[in-house]
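Written out below as structure tokens is the structure these notes cover.
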Amino acid sequence: MGLQSIERRLERMVDGVFSRRRRGSIRPIELGRRLVREMDDNRSVDVKGRRIVPNNFTVLLSPTDHAGFSDIEDALTTELGEAAREYAREESYHFMGPVLVKLMVDNNLKPGRFGISSQLKQAAGGLGAGSLVLPSGQRVALGEHVTTVGRLPESTISINDTNVSRNHAEIRTGSAAYVAVDLGSTNGTMVNGVRIVGEQRLNDGDIISFGSTHVRFEAS
């Protein structure tokens, strides 16, 4: 769908969230556009032929502009991270680790000017504090325990949907990663729209579907 589609999505995701913010010299959508351009400009190909893009972003702002975003900094960096994940899914890009966006002051910048630096940063050794974000916004923390999904009330994530099997799927710890495992469900488990077979390693921002319920995996 290309950059135009992503920009429309960014308009909804980023500017929509901050529409009540007073007008400043930099609009959040400008940061989003520059961030996805940074991904395009710095993509590479790994040994498996996957297109790898930066996952660690630093937004450099003048002291004035940084102060202007101070009251919404956490929400802004979260939304920009979501924009990066959306763009990666759209372009079939892959991250080497969790997406992280942070704002920093650059005293050499004048108001209205900004920069973005990026890095390919591998996930730290071992498993981080992953979580599943449910449609309601509730987070289900992952750990060494097995997270169960199904129609049974005792499931960790209980889904009242006839398209979901009683024991539908599990999220387990694999080799330094979380994996989704379908338990022979009737309608299958999807990751980013593709039905999984056996174990499927989860990457930051992956969308896991059980029937009509879609949850997002966050690596940290």
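These numbers come from the heavy atoms of this one structure, side chains and all, not from hydrogens, waters or symmetry mates.
- Residues Thr78 and Leu80 are not in side-chain contact: their nearest non-hydrogen atoms beyond the backbone lie 4.5 Å or more apart.
- For Asn55 (side chain) and Lys121 (main-chain N/O), a donor-acceptor pair under 3.5 Å exists by modelled atom type.
- Contact of the Arg151 side chain with the Ile159 side chain is not registered, since no non-hydrogen atoms from C-beta on lie closer than 4.5 Å.
- Two residues are said to be in side-chain contact when any heavy atoms from C-beta on lie closer than 4.5 Å; Asp40 and Tyr87 meet this criterion.
- For the atom pair CG (Asn108) and OG (Ser62), the distance works out to 11.0 Å, reported to the nearest 0.5 Å.
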*Can you check side chain to side chain donor-acceptor pair (under 3.5 Å) on Asn56 and Ser118, steps first, answer last?*
CA-CA 5 Å; Asn56 195 283; Ser118 63; over 6 Å; no
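- Looking at Arg85 and Asp204, a side-chain N of the basic residue comes within less than 4.0 Å of a carboxylate O on the acidic one, giving a salt bridge.
- Of all heavy-atom pairs spanning Leu31 and Ile26, the tightest one is CD2-CG2, 3.9 Å.
- The heavy-atom pair separating Gly115 from Arg34 by the smallest distance is CA-NH1, 4.0 Å.
- Cluster partners of Met104 are Leu60, Leu109, counting Ile, Leu, Val, Met, Phe, Trp and Tyr whose side-chain heavy atoms approach within less than 4.5 Å, directly or via other members.
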Side chain to side chain contact (heavy atoms under 4.5 Å, CB included) between Leu142 and Leu132: does it pass, once the steps are laid out?
CA-CA 7 Å; Leu142 302 175; Leu132 297 176; 4.1 Å; yes
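- Looking at Asp41, its side chain never comes within 3.5 Å of a backbone N or O of Glu38 through a donor-acceptor pair.
- The backbone N or O of Pro54 lies less than 3.5 Å from no partner atom in the side chain of Arg43, so there is not a single donor-acceptor pair.
- Identified under the ring pair (Phe, Tyr, Trp, His ring centres under 6.0 Å) test for residues 139-169, with sequence neighbours left out: His168-Phe210.
- Residue Phe69 holds its CZ atom at 7.5 Å from CG of Leu103, rounded to the nearest 0.5 Å.
- Hydrophobic clustering of Ile, Leu, Val, Met, Phe, Trp and Tyr side chains at less than 4.5 Å, counting indirect connections, unites Val99 with Ile116.
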| said: What verdict does the side chain to side chain contact (heavy atoms under 4.5 Å, CB included) test give for Val45 and Ile52, after you've listed the backbone C-alpha separation in whole Å, the side-chain angles of each residue and the deciding distance to 0.1 Å? | reply: CA-CA 6 Å; Val45 179; Ile52 305 298; over 6 Å; no
Side chain to side chain contact (heavy atoms under 4.5 Å, CB included) evaluation trace for Val133 with Val140: CA-CA 7 Å; Val133 184; Val140 176; over 6 Å; no
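- Between Tyr178 and Gly130, the shortest heavy-atom contact is OH-N, 3.7 Å.
- Atoms CD1 and OG1, from Ile208 and Thr213 in turn, are 12.0 Å apart once rounded to the nearest 0.5 Å.
- Side-chain contact between Leu134 and Ile157 is present, with at least one heavy-atom pair separated by less than 4.5 Å.
- Closest heavy-atom contact between Leu120 and Ser44: CD1-OG, 4.0 Å.
- No donor-acceptor distance shorter than 3.5 angstrom exists from the side chain of Asp182 to the backbone of Val197, with no hydrogens or angles considered.
- For the atom pair Thr64 OG1 and Arg113 CZ, the distance stands at 14.5 Å (nearest 0.5 Å).
- Put simply, the side chain of Ser165 gets close to the backbone of Thr186: a donor and an acceptor are under 3.5 Å apart.
- Taking each heavy atom of Asp161 and Ser212 in turn, the nearest pair found is OD2-OG, 3.0 Å.
- The minimum heavy-atom distance linking Ala180 with Ile196 is given by the pair O-CD1, 3.6 Å.
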Exercise for review: With side chain to side chain contact (heavy atoms under 4.5 Å, CB included) as the test, would you mind laying out the steps for Met39 and Phe57 before giving the verdict?
Suggested key: CA-CA 10 Å; Met39 294 166 66; Phe57 303 92; 3.6 Å; yes
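- Looking at Asn42, its side chain never comes within 3.5 Å of a backbone N or O of Gln119 through a donor-acceptor pair.
- The backbone N or O of Asn163 sits less than 3.5 Å from a side-chain atom of Asn187, completing a donor-acceptor pair.
- Salt-bridge check for Arg33 with Glu30: failed, with every basic side-chain N at 4.0 Å or more from each acidic carboxylate O.
- Using a cut-off of 4.0 Å between Lys/Arg side-chain N and Asp/Glu carboxylate O, Arg139 and Glu218 are scored as salt-bridged.
- Between Val101 and Val59, some side-chain heavy-atom pair lies under the 4.5 Å cut-off.
- Side-chain contact between Asn192 and Arg89: present, with at least one pair of heavy atoms (C-beta onward) separated by less than 4.5 Å.
- Here the CD atom belonging to Glu79 is positioned 9.5 Å from the OG1 atom belonging to Thr77, to the nearest 0.5 angstrom.
- Asp206 contributes atom CG, which lies 10.0 Å from atom CZ of Phe95 (distance to the nearest 0.5 angstrom).
- Checking side-chain atoms of Thr58 against main-chain N and O of Ser117 turns up no donor-acceptor pair under 3.5 Å.
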List the steps and the verdict of salt bridge (charged side-chain N to carboxylate O under 4.0 Å, His left out) for Glu73 and Lys102.
CA-CA 9 Å; Glu73 182 172 347; Lys102 59 184 177 182; over 6 Å; no
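- A donor-acceptor pair under 3.5 Å is absent between the side-chain atoms of Thr156 and the main chain of Thr147, judged by distance alone.
- Using a distance-only test at 3.5 Å, with no hydrogens or angles considered, no donor-acceptor pair links the side chain of Arg172 to the main chain of Val146.
- Looking at Ser155 and Thr148, their side chains come closer than 4.5 Å, going by heavy atoms from C-beta outward.
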